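Data first, discussion second: the structure below is written as structure tokens.
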Amino acid sequence: MASAVSSFLSLSSSSDRLDRVPFRESNHNNRGIAKLSSPCPHLWNPTDSLLLRHRRAARICCSSTAASSSGSNHQQLKTRRPAEENIREEACRRDEATGSCGFSACYVPFNAPADTAETYSLDDVVYRSRSGGLLDVRHGMTALKRFPGSYWRDLFDSRVGRTTWPYGSGVWSKKEFVLPEIDPDHIVSLFEGNSNLFWAERLGRDHLGGMPDLWVKHCGISHTGSFKDLGMTVLVSQVNRLCRAPLNRPIAGVGCASTGDTSAALSAYCAAAGIPAIVFLPTDRISLAQLVQPIANGATVLSIDTDFDGCMRLIREVTAELPIYLANSLNSLRLEGQKTAAIEILQQFDWEVPDWVIVPGGNLGNIYAFYKGFEMCRELELVDRMPRLVCAQAANANPLYLHYKSGWADFKPVIAADTFASAIQIGDPVSIDRAIFALKATDGIVEEATEEELMDAMSLADRTGMFACPHTGVALAALFKLRERGVIGTNDRTIVVSTAHGLKFTQSKVAYHSNEIANMACRYANPPVSVKASFGAVMDVLKKKLDGKLGLCVSCETAYPPCAKTSFSAIFAPTTC
Ligand SMILES: Cc1ncc(COP(=O)(O)O)c(C=O)c1O
Ligand SMILES: N[C@@H](CCOP(=O)(O)O)C(=O)O
């Protein structure tokens, strides 16, 4: 095995050898458009200026789609904006006509009754309720409900994949459900969202008992390589609004504690807006690829000799003292962006609800964000039911799993041990109450995965064409267990949420494929083979590797033709029976 390891090292660049690097050492459908022009007869009131204004906004942002879908209707063709105007300026001009159309949102204590008197403006800098509990963003549902579900479905569909500012973003294409009142000029967007919903055909068919409807929502194929972009665009946009006229709040910067992904997203969005970012990272506990992201984006990076939970405690203390705005998911604004991944899944299935959604959990904001996205679509009648949620944790960092197993008896934080799923190495999750609420409301399940289970699941998925991160491995391992126990059925439409790009975690993959992980069989290891630069040596290796496959029919794998002289031509010019 030593040779496999050395061949790995010889193939990899010297700068990418440490997965966890201490900062000190690292100095180096357009579908359904037609329906928009035929509003729901019971709800439409032509004298209602709010509705008219929103209808006009919807038409403006859909006009070129409508024109192209109708083909012959040249009158609807959109004229190009003037050369001296950019897409942001164009949006501001357009927005003068639309405004927020009466849609609004505010902070309320998490799970507060409908008539709570404790509300805060989103322009307040507040992260906790009066009693010290979590907050939630509550939308003015009465205004949103004046439009039927079909209206919202069509509006959101009309905006997919456009460059119209800010609707080309998967998050801002749902602006009315996210931050309805923000001026487009204040939005800081990198056209996030609209991520691939990958049909995991081979994994489902060959490794999960013939599951035909298995999908992976690739939230990590994103600007900074994780789902955090979805929340960070919202948070940094709101900070941008607070800093600028007319509010002119004295905010010195935006800060977070991080296991590597929140810090990367915060740094990128702050850099795009010209706002200082400050990130607290636990020394030695994040990957090199994650570490280099905030460094490259010019953030102030503090490598702190503690774990994530320690960094989280520190950032909360610091943001209470200094005018630094807190960017962790304790700040409920983040979840407003993250919830759009759930809406996107519904949209990608043409507004059909899946049976299961499996989400890896750490600080536990995201599982609630998924709940919130699905629930908002149910309440506003874009869909008629909820999926069941599964939260998957690494066994080395499993406080929610233990709580679930105790029958939700008594929550106790844990000291999280090292895990390859390093971004979820969290023992005292900030959003524990939100996660419990989401799981109870969806008849949800919590599963856990050992290090071997998560690495095997990740590696097996890779063998079917993915390049998953270890956190996605945790969710996949949960899926394997739930399939094995018959909880998830063969034909259940199931979504596994992939939360980060595998390229951020290459060193754990290298360790696995080098077979160098103690007490792990690494069943799917596929180390590279070192071979001399000679035809004979290469042929020997290939014959050994392809033994038994030569001369087989490529479709049914039976020997064809029954020929004693098997040759490589059978592989390069394969035949079928
Ligand atoms: C890659 C990745 N997956 C999953 C999670 C878990 O998300 P949450 O903290 O919202 O539970 C995180 C961060 O915690 C993450 O960075
Ligand atoms: N995985 C996260 C941990 C912090 O979570 P947050 O959602 O509360 O910011 C990270 O990448 O830092």
Side-chain angles (χ1 to χ4, degrees), residues 29 31-32 149 153 157 195-221 339 341-361 366-367 370-371 373-378 381-393 401 404 438-449 453-454 456-468 471-499 524 555-557:
N29 145 24
R31 303 177 312 275
R153 290 194 301 260
D157 284 349
S195 59
N196 180 8
L197 185 59
F198 175 101
W199 181 33
E201 181 183 12
R202 238 191 101 206
L203 187 68
R205 188 190 58 216
D206 296 350
H207 302 290
L208 282 151
M211 266 185 108
D213 220 353
L214 174 63
W215 304 78
V216 176
K217 177 66 175 166
H218 274 303
C219 295
I221 301 181
K339 80 180 181 197
I343 307 175
E344 227 172 78
I345 288 173
L346 298 175
Q347 190 169 24
Q348 285 167 309
F349 283 122
D350 214 359
W351 304 100
E352 282 175 16
V353 182
D355 300 306
W356 297 93
V357 178
I358 309 178
V359 186
N366 210 27
I367 185 79
F370 270 89
Y371 161 78
F374 289 126
E375 173 56 17
M376 198 160 175
C377 289
R378 192 203 58 76
E381 298 182 354
L382 283 76
V383 295
D384 58 1
R385 66 185 182 93
M386 295 287 283
R388 288 182 72 183
L389 297 183
V390 178
C391 189
Q393 293 211 295
Y401 176 77
Y404 170 77
L439 289 160
K440 285 184 177 170
T442 58
D443 192 15
I445 293 176
V446 187
E447 251 309 335
E448 66 169 1
E453 287 166 345
L454 74 91
D456 279 346
M458 173 190 80
S459 307
L460 184 57
D462 287 357
R463 288 227 168 180
T464 65
M466 279 178 252
F467 196 73
H471 320 84
T472 308
V474 173
L476 288 165
L479 168 64
F480 276 99
K481 290 181 170 183
L482 294 171
R483 279 288 294 132
E484 218 164 275
R485 297 209 299 269
V487 177
I488 295 184
T490 316
N491 293 312
D492 290 356
R493 177 173 287 174
T494 304
I495 321 295
V496 172
V497 177
S498 176
T499 45
Y524 305 107
S555 348
C556 72
E557 296 215 334

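Bear in mind the structure is a predicted one, so any value in this text is a computation, not a measurement.
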Item to complete: Heavy atoms only: give me the nearest Met211-Asp492 pair and the separation to one decimal.
Response: CE-O, 3.7 Å

Worksheet item: For the side chain of Lys217 and the backbone of Ala342, is there at least one donor-acceptor N/O pair under 3.5 Å apart?
Response: no

Worksheet item: Shortest non-hydrogen contact from Arg483 to Thr490?
Response: NH1-N, 3.2 Å

Worksheet entry | Rounded distance (nearest 0.5 Å) linking atom CG of Leu479 with atom CD1 of Ile495 | 11.0 Å

Discussion item. How close do Val487 and Trp356 get, counting heavy atoms only, and between which atoms?
Written reply: O-CZ2, 3.6 Å

Worksheet item: If you round to the nearest 0.5 Å, how far is CE of Met458 from OG of Ser498?
Response: 11.5 Å

Practice prompt. Please check if the side chain of Asp355 supplies one atom and the backbone of Arg493 the other of a donor-acceptor pair under 3.5 Å.
Written response: yes

Practice prompt. Go through Glu447 and Glu453 one step at a time and tell me if the side chain to side chain contact (heavy atoms under 4.5 Å, CB included) criterion holds.
Written response: CA-CA 12 Å; Glu447 251 309 335; Glu453 287 166 345; over 6 Å; no

Worksheet item: With the threshold set at 4.0 Å, does a side-chain nitrogen-carboxylate oxygen contact exist between Arg378 and Glu375?
Response: yes

Worksheet item: At what distance, to the nearest 0.5 angstrom, does CG of Leu476 lie from NZ of Lys481?
Response: 13.0 Å

Worksheet, complete the sentence: Scanning both residues in full, the closest heavy-atom pair of Ala392 with Ala475 reads CB-CA, 3.8 Å

Item to complete: Please check if atom CD in Glu381 has more than 12 non-hydrogen atoms from other residues, nucleotides or ligands closer than 6.0 Å.
Response: no

Worksheet item: Are the side chain of Asp462 and the backbone of Ala468 linked by a donor-acceptor contact shorter than 3.5 Å?
Response: yes

Response to the item:
CG (Leu214) and CZ (Phe198) are apart, to the nearest 0.5 Å, by 9.5 Å

Worksheet item: Between Phe480 and Leu203, is any pair of side-chain heavy atoms under 4.5 Å apart?
Response: yes

Worksheet entry | Validation row: Leu346, Val353 side chains within 4.5 angstrom (heavy atoms) | yes

Fill in: From Thr494 atom OG1 to Arg388 atom CZ, the distance as rounded to the nearest 0.5 Å
11.0 Å

Practice prompt. Please tell me if the side chains of Tyr404 and Ile445 come closer than 4.5 Å, counting only heavy atoms from C-beta onward.
Written response: yes

Worksheet entry | Residue pair Cys219 / Ala341: nearest heavy atoms and the distance that separates them | SG-CB, 4.1 Å

Worksheet item: When rounded to the nearest 0.5 angstrom, what is the spacing between CG in Leu460 and CG in Leu208?
Response: 8.0 Å

Practice prompt. Please report the C-alpha distance between Leu439 and Val446 in whole Å, then the side-chain angles of each, then the deciding distance to 0.1 Å, and finally whether the side chain to side chain contact (heavy atoms under 4.5 Å, CB included) criterion is met.
Written response: CA-CA 8 Å; Leu439 289 160; Val446 187; 3.6 Å; yes

Worksheet item: Among Pro354, Pro387, Ser195, whose side-chain contact (heavy atoms from CB on, under 4.5 Å) with Ile345 holds?
Response: Pro354

Worksheet item: Is there side-chain contact between Ile358 and Ile488, with heavy atoms separated by less than 4.5 Å?
Response: yes

Practice prompt. Return yes if some donor-acceptor pair links the side-chain N/O of Gln393 with the main-chain N/O of Tyr401 below 3.5 Å, else return no.
Written response: yes

Worksheet item: Going by heavy atoms in the side chains, are His207 and Arg463 under 4.5 Å from each other?
Response: no

Worksheet item: Going by heavy atoms in the side chains, are Leu197 and Phe349 under 4.5 Å from each other?
Response: yes

Response to the item:
Taking every heavy atom of Met386 against every heavy atom of Thr442, the minimum-distance pair comes out as CE-CG2, 3.9 Å

Discussion item. With a 4.5 Å cut-off on side-chain heavy atoms, are Trp215 and Val497 touching?
Written reply: no

Discussion item. Is there a side-chain contact between Thr472 and Met466 in this structure, where contact means two heavy atoms from C-beta onward sitting under 4.5 Å apart?
Written reply: no

